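Just below is one structure, and these are the notes that go with it.
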Amino acid sequence: MKPEIVISSQDLDRLEGLLAAPAARNRSDLNGLRDELARADVREPQDMPAKVITMNSRARFRELPDGREHELTLVYPGDAVPDAGKVSVFTPAGSALLGLSVGQTIDWENSARQPIRLEVLDVMWQPEAAGRFDL
């Protein structure tokens, strides 16, 4: 069973546009992201909880059961710089983390098609929450 996820309407619109583009339309490796978007609770950007991973959020997560921790910024494909911790939402880890909240876990397959479990430890920065004082 997959955890509930929350996505901003702005992120949803932009991601659906990217997925509809000719370069992505027939890519079966993006079906996991399509499934995540289809089941998401969509909210307006100003209504996004501060501890949810949205596009351009900086988050820390753990791979289970080995416990390796990672910190990354979830970005759109054209902004990805893996060596700088900027991971594309079009990657397995990126699409798995989109919309998750601190404390949630998700079972997913990595790029080698091996099952992994990811646990969100913290969302250090989220653009929708930046500057809000009602956190």
Side-chain angles (χ1 to χ4, degrees):
M1 187 165 148
K2 292 189 177 186
E4 293 182 19
I5 60 173
V6 181
I7 298 175
S8 79
S9 59
Q10 180 177 325
D11 288 349
L12 178 65
D13 290 345
R14 183 146 186 220
L15 289 168
E16 285 181 334
L18 290 172
L19 290 169
R25 191 175 305 138
N26 296 318
R27 286 183 52 186
S28 62
D29 63 316
L30 298 176
N31 287 341
L33 176 57
R34 289 181 182 96
D35 292 344
E36 293 296 284
L37 296 177
R39 70 182 190 84
D41 173 12
V42 181
R43 299 188 188 173
E44 292 305 309
Q46 67 271 16
D47 297 329
M48 289 298 297
K51 293 298 180 176
V52 171
I53 300 173
T54 64
M55 293 307 302
N56 299 305
S57 290
R58 184 101 188 133
R60 190 166 51 92
F61 65 96
R62 176 184 302 135
E63 287 184 46
L64 300 174
D66 66 17
R68 288 185 300 178
E69 291 188 16
H70 306 274
E71 189 173 304
L72 61 79
T73 300
L74 184 63
V75 298
Y76 292 100
D79 299 327
V81 184
D83 292 341
K86 294 182 177 185
V87 176
S88 170
V89 70
F90 277 17
T91 66
S95 59
L97 291 168
L98 178 67
L100 289 180
S101 301
V102 171
Q104 286 185 307
T105 61
I106 189 167
D107 294 313
W108 208 254
E109 288 185 350
N110 64 17
S111 57
R113 309 227 9 112
Q114 298 171 329
I116 58 172
R117 175 171 281 182
L118 304 176
E119 175 187 17
V120 180
L121 301 174
D122 193 16
V123 177
M124 286 85 74
W125 189 82
Q126 180 208 79
E128 291 81 3
R132 280 196 346 224
F133 298 102
D134 61 342
L135 309 175

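As the structure is a computational prediction, the values presented were derived from the model and not from experiment.
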Between Leu19 and Leu30, is there a side-chain heavy-atom distance shorter than 4.5 Å?
yes
According to a hydrophobic-cluster definition based on side-chain heavy atoms being under 4.5 Å apart (Ile, Leu, Val, Met, Phe, Trp, Tyr only), do Ile5 and Tyr76 belong together?
yes
Salt-bridge test for Arg117 and Glu63: reply yes if a basic N is under 4.0 Å from a carboxylate O, no otherwise.
no
Is it possible for you to say whether Leu97 and Val42 belong to one hydrophobic cluster, with membership spreading through side-chain heavy-atom contacts below 4.5 Å?
yes
Where do Ser57 and Thr54 land on the side-chain hydrogen bond (donor to acceptor under 3.5 Å, both in side chains) test, with the steps shown first?
CA-CA 5 Å; Ser57 290; Thr54 64; 2.9 Å; yes
Residues Glu44 and Ser9: side-chain donor-acceptor under 3.5 angstrom:
yes
Quick check on Glu119: does its CD atom have over 12 non-hydrogen neighbours (other residues, nucleotides or ligands) under 6.0 Å away?
yes
Using the rule that two of Ile, Leu, Val, Met, Phe, Trp, Tyr join whenever any of their side-chain heavy atoms come within less than 4.5 Å, decide whether Met55 and Leu118 are in one cluster.
yes
Strictly distance-based, threshold 3.5 Å: is any side-chain N or O of Ser101 a donor or acceptor partner for the main-chain N or O of Gln104?
no
Is there a path from Leu121 to Leu74 through hydrophobic residues (I, L, V, M, F, W, Y) whose side chains come within less than 4.5 Å of each other?
no
Which pair of non-hydrogen atoms, one from Arg58 and one from Gly85, has the smallest distance, and what is that distance?
NH1-O, 3.5 Å
Tell me every residue that passes salt bridge (Lys or Arg N to Asp or Glu O under 4.0 Å) with Glu4, counting only those two or more places apart in sequence or in another chain.
none
Output yes when a side-chain donor or acceptor of Arg25 lies under 3.5 Å from a complementary backbone atom of Ala20, and no otherwise.
yes
As a quick check of understanding, evaluate salt bridge (Lys or Arg N to Asp or Glu O under 4.0 Å) for Glu69 and Arg62, giving each step before the final call.
CA-CA 4 Å; Glu69 291 188 16; Arg62 176 184 302 135; 3.3 Å; yes
Shortest non-hydrogen contact from Ser8 toward Glu128
OG-OE2, 3.8 Å
Under 4.5 Å between any side-chain heavy atoms of Gln126 and Val123, yes or no?
yes
Heavy-atom side-chain contact between Leu100 and Thr105 under 4.5 Å:
no
Which pair of heavy atoms, one from Val6 and one from Pro49, lies closest together, and at what distance?
CG1-CD, 4.2 Å
With hydrophobic residues grouped by side-chain heavy-atom distances under 4.5 Å, do Leu33 and Leu18 end up in a single group?
yes
Is there a side-chain contact between Arg60 and Met124 in this structure, where contact means two heavy atoms from C-beta onward sitting under 4.5 Å apart?
yes
Give the C-alpha distance, both sets of side-chain angles, the deciding distance and a yes or no for side chain to side chain contact (heavy atoms under 4.5 Å, CB included) between Ile7 and Leu37.
CA-CA 8 Å; Ile7 298 175; Leu37 296 177; 3.5 Å; yes
Is there a side-chain contact between Phe90 and Arg27 (heavy atoms, below 4.5 Å)?
yes
Validation row: Asn56, Val75 side chains within 4.5 angstrom (heavy atoms)
yes
Is Lys51 reaching over with its side chain to a backbone N or O of Val102, donor-acceptor style, under 3.5 angstrom?
no
For residues Asp11 and Arg14, determine if any side-chain heavy atom of one lies less than 4.5 Å from a side-chain heavy atom of the other.
no
For Leu72 and Phe61, run side chain to side chain contact (heavy atoms under 4.5 Å, CB included): C-alpha distance rounded to whole Å, both residues' side-chain angles, the deciding distance at 0.1 Å, then the answer.
CA-CA 8 Å; Leu72 61 79; Phe61 65 96; 3.0 Å; yes
